[in-house]
Each structure stands twice: as C-alpha cells, then as structure tokens.
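So the structure is just underneath, and the comments pick up after that.
Order of the sequence lines sets the chain letters (A, B, ...), proteins ahead of strands, with each chain counted from 1.
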Protein chains: 2
Amino acid sequence: MTLPATHVACSNCNLRDLCLPVDLSPEEMSRLDALVTTRRKVLRGGHLFSSGDPFSSLFAVRTGFFKTAVTTPDGRDQVTGFQMAGEIIGLDGLAQGHYSCDAIALEDSEVCLMPFERVEEFSRAIPALQQHVHRVMSREIVREHGVMMLLGSMRAEERLATFLLNLVQRLHARGFSQSELVLRMTREEIGSYLGMKLETVSRTFSKFAEAGVVEVKQRHVRILNTDALERMTQAITQ
Amino acid sequence: MTLPATHVACSNCNLRDLCLPVDLSPEEMSRLDALVTTRRKVLRGGHLFSSGDPFSSLFAVRTGFFKTAVTTPDGRDQVTGFQMAGEIIGLDGLAQGHYSCDAIALEDSEVCLMPFERVEEFSRAIPALQQHVHRVMSREIVREHGVMMLLGSMRAEERLATFLLNLVQRLHARGFSQSELVLRMTREEIGSYLGMKLETVSRTFSKFAEAGVVEVKQRHVRILNTDALERMTQAITQ
DNA sequence: CGGGCGATTGACTTTCGTCAACGCGTGTGG
DNA sequence: CCACACGCGTTGACGAAAGTCAATCGCCCG
C-alpha cells in the first residue's frame, strides 16, 4: 500500500500556509527544507501507520484524505478524526514511543514525513517553529474538547449538523465550495466518529433533506441552508 | 477565591516524578527551579482560570483536585477532565492565546505556575525537558482519544466502570488505596464527563452495588471486585 | 453487465433521559 | 448542641431517542 518515497522541499510548497504558518527569515526557511525529507504515497484503504508501530515521524497531509481510529481489545473501534491537506497526523505517537491509533487513507493520498527528532532539533534553534509545534498540539487538544462536547451532550441532529459545518468550513479554507462537498467516508465511519450507528446517520441525513436543509445523493452533499444547520447545532435540548 | 502566591523550588518537590519525570543533570535541575516561580492556592469552587482568560502559564496540581469544562454558547457544559496532584492543566490555552475551558477546584487546592514563555525558553536549552513537554501534550491527546472511545462506543455501565478504574489507578499511583476512593465530584459532574445524566450515574452505581462489585455510600466508593469491573469495560455489547 | 458494498427505510426493542418524589447528611445558625 | 434547611443522591414511572434486525435499493467498479 505504501509506495516509494520522493524528495522534496517546503519552501515553495503551496500548502505552507496551512501546515507551517510561521514567519521565518529566508535563512530559517531554507533550513526548514531539511525538515521534510520525503513524501510518501498511500493508496486508498492503505495504512499510513498502525497502532503499535514505532513512532518516528509526524505526517503532513499533502493530498488526499485520512481517518484516524483507535481500537479496543474487544474489537470495537472509534474514529478519532478525519484529516485533509495541510493537517498533521501522528501527534499521539510520542506519548509512548509508538502510535496509539491507525491512520488510514480514505482516498489515494500523499503525505510529507517530518522525522520528529528533526522537528525537535529545529524547534530548539527556531523559536517560531517551536511555538508552531506547540500550537499544533494544543489545537489538537482543543479540537478533541469539541468532539467530547459533541459526543457527550449533543443529540444526533446536532452532531451531524456540527460535523457537516466543520467539514465544509475546512474545505472552504482550502478553496472548495462553501455549500457543496463530497464525503470521503462511509456512513459507518461518520457514525463511529459521531458516536451513532450508521442507520441513524442515514436517517438524520434524510431528515435534513426532507426539511430542505441539505440535498443528499449518496456521498454528494449540498448545503441549502447554512443558517438552519447552524441553528441546529445550538438547539437547546433541555 | 485566588489567594496570594508564594515562592518555591522544584528540585526537592516530592511530586517531581509525577510532573517532571526527566533525567536531568544537577546543573540542569537547578536551572529548572526557575521554571516554577510561584504557587497559588485555589479554594473549593474557585476558578483557576476561565474560558477566554489570556493564556500565560501552565499549572501543575500540587495538592487538591480540579475539573476542566467547556461551555457552549447556549449554556450546556461538558466536563473534559479531572486533574489530581502532579497533573498539568492549561495545555488548551496556547492554541489561541487564551484558555478555552474553565478550570475549577473541587476541593481546596494548590498549583504551581509555569509561565509558558519560560517553559519554551528552557525547552530550547534542555532537550530532555523539551521532550517531556511534548510527551505531556501527546499524553493529553491520547487520553482524549480514550474519552472519545468511551463517549462514542460504550454504554453506561462500561463508562462508569472505566471511569472508576481509571480514577483508582491514578490514586494508587499517588500512594492511595487500590480499592477505596472518595469521589471529589458530584454525580452530575461525573455524568457530564461520561456523557450521561446524573440519574443514570446514580442508577448505575446502584446496579454495581447490587451486583456486589462495589460498595457505595454517597461519595465513598469501595471496589470489591476489580476483575468484574474490568470485565465490564470490555463487554461486547452486540 | 453483473456483483457486491454501501445506503436507505421500516418495524420493533432497548437504553437512557425526563419528571417527580423522597431521603440522607452535612453544615450552619439559633 | 440541636434542629432545620438545603444540596446532593436515590429511586420510580414513563417517554423519547437511538440501536437492532432485516429487507431492499442503487451505485460503482470491475
């Protein structure tokens, strides 16, 4: 599933704003090119890494789409996130020296490898990079707080509305439509992420469609009424 | 609620193994004393910080017990964690330059302040500390994966069993009993953390007690059968 | 063009939430 | 020091939301 690696450089990558948004001097910038040594392609369905694999690198998604998931001893699994271009995967790995989740490509994808030893080395030399690394990790913590909120105190409709708005907002930041998206994941994967069964995901989509809020054709979703979706995320359930 | 601060030093703190477990030379150790400048007492019910407060420091719990919670615009809140001696609070703050949750003392407590600028400065000079900071953040990410698992794919009994085992394990690591604990939080706070209502928490406790797995008297809990609890966390629901 | 995975929908069950009443304990003030 | 009140916890009856099981449909990909 993992294809041969290729050599590259960050300094003129068009995703730099997304995955390395730090102000650097030209001199620092050129040093940073040594941070990402290689890229790797992962075919749809392939594992970028698996739970238990020795930790060595962070990965920046260059193209494509991933999910990360943890698995219990008894075989249930929980999707912990979906990652698209410019987002960082593998932060869970350094806690114990091995990755604690699986990272799986949902479409043919390419990632940049950032050997973590090098990240630490460069962080010591370049404060702006150090700060960036910290911010990336903190953002992940904050994101997960949001997921806990979602899982702990929202009902099915609120969860799905929140999910759709989040997805479309991230896609929009990457130059895609504000109102149309193609889901890269199955209903089951959405359900796992949102803590509901695939049938409930499907039913909730249908409910949204009936209400004229979205148009759903399999994985193609068009948002017809963003305001209505936003209101749904704030419904006081009591 | 926040009492005057006092001056202190890490190098001979009895919690060092818990909150700074890095091998340091005596020279590095003495420099580290400048990392924690002050302590602060927070009375029961008091806020260590609130969502939106400008971020400046991490906090290490020295004595006492805290909860962290996020709040939605419409007023629902979600407990995101409980912190005891040696654990670090405030990692969510650096993402956006302000804390994104509330940290509230559940009993009279004391924390060590670690100004984050200083943490970053020292991290650049002391690789072992840098690594430790990264590990602490990564551990928080992994912990939250566990909570997502819990909220996303466990039923009430499994959640409470998991929660109890986790609490007692952390207490045991601090020298307390493996089988007895005093809950510092209300049923409602437990419920918020576990994504269930306080009545369900109460009922589930009663069910455990009926089954002879635990003994519950208000906030005093004695675990009578750890194995049974462990089995419950792995129950294949199907 | 056909097979199979993924999605949808329906009927029924289960779990948990809701509402309400009651009880226990603790802490405080008379 | 005792009594009372209030917050917290427990328990019961009922309802609602989501899960389960099953049948069918429709895409897509080979």
Side-chain angles (χ1 to χ4, degrees), chain A residues 43-45 67 76 78-79 104 106-108 150-161 163-164 181-211 214-222 232 235-238, chain B residues 43-45 67 76 78-79 104 106-108 150-161 163-164 181-211 214-222 232 235-238:
Chain A
L43 295 182
R44 179 167 172 215
K67 69 168 177 181
R76 283 178 289 181
Q78 169 73 32
V79 171
I104 297 165
L106 296 182
E107 55 180 291
D108 294 355
L150 190 132
L151 292 172
S153 53
M154 291 187 180
R155 352 191 108 234
E157 293 186 21
E158 303 176 72
R159 294 182 197 191
L160 191 61
F163 173 72
L164 281 178
L181 67 159
V182 177
L183 300 171
R184 270 28 271 209
M185 70 294 279
T186 65
R187 299 291 188 261
E188 186 168 17
E189 287 162 335
I190 296 173
S192 172
Y193 183 61
L194 298 180
M196 46 206 255
K197 295 291 155 181
L198 67 94
E199 293 94 330
T200 308
V201 174
S202 187
R203 272 186 251 273
T204 308
F205 267 126
S206 301
K207 205 178 291 184
F208 285 180
E210 262 173 67
V214 299
E215 214 175 271
V216 184
K217 275 206 194 98
Q218 306 284 125
R219 302 205 177 176
H220 294 260
V221 176
R222 180 200 304 252
M232 278 185 201
I236 300 178
T237 326
Q238 289 295 352
Chain B
L43 294 182
R44 180 168 170 215
K67 71 168 177 181
R76 282 178 292 181
Q78 168 76 29
V79 171
I104 296 165
L106 296 183
E107 55 181 293
D108 294 355
L150 189 133
L151 291 172
S153 53
M154 290 186 180
R155 350 188 115 240
E157 294 186 20
E158 304 176 71
R159 293 182 198 191
L160 190 62
F163 173 72
L164 282 178
L181 65 160
V182 177
L183 300 172
R184 267 36 262 214
M185 69 294 280
T186 65
R187 299 290 188 261
E188 187 169 17
E189 287 162 334
I190 296 173
S192 171
Y193 183 60
L194 298 180
M196 47 206 253
K197 295 291 154 182
L198 66 95
E199 293 94 332
T200 308
V201 174
S202 187
R203 271 186 251 274
T204 309
F205 267 126
S206 301
K207 205 177 292 185
F208 285 180
E210 263 173 67
V214 299
E215 216 174 270
V216 185
K217 275 204 196 100
Q218 305 285 124
R219 300 203 176 179
H220 294 260
V221 177
R222 180 200 304 253
M232 279 184 201
I236 299 177
T237 328
Q238 285 304 341

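Side-chain N or O atoms of Arg184(B) include none that pairs as donor or acceptor with a backbone N or O of Leu106(B) at under 3.5 Å. A donor-acceptor pair under 3.5 Å is formed between the side chain of Asp108(B) and the backbone N or O of Arg44(B).
Between Phe208(A) atom CZ and dT9(C) atom P there is a gap of 14 Å when expressed in whole angstrom units. Rounded to an integer number of Å, the gap from CG of Leu150(A) to P of dA18(D) is 12 Å. Between the CD atom of Glu199(A) and the C1' atom of dC21(D) there is a distance of 8 Å, given to the nearest Å.
Of the listed nucleotides (dC8(D), dA7(C), dT18(C)), dC8(D) has the atom at the smallest distance from the side chain of Arg219(B). The Lys197(B) side chain lies nearest to dT18(C) when the options are dT18(C), dG6(C), dC16(C). Considering only side-chain atoms of Arg155(B), the nucleotide from dT15(C), dT11(D), dG17(C) that sits closest is dT15(C). Proximity note for Arg203(A) (side chain, C-beta onward) versus dT8(C), dC21(D), dA18(D): the nearest is dC21(D). With dC16(C), dT8(C), dA18(D) as the candidates, the nucleotide lying closest to the side chain of Thr200(B) is dC16(C).
Under the 4.5 Å side-chain criterion, counting only non-hydrogen atoms from C-beta, Phe208(B) is not in contact with Val216(B).
Annotation: the span from Met232(A) atom CE to Glu157(A) atom CD amounts to 6.0 Å, rounded to 0.5 Å.
Nearer the 5' end of DNA chain D, as judged by each residue's closest nucleotide, is the contact made by Val216(B), out of Gln218(A) and Val216(B).
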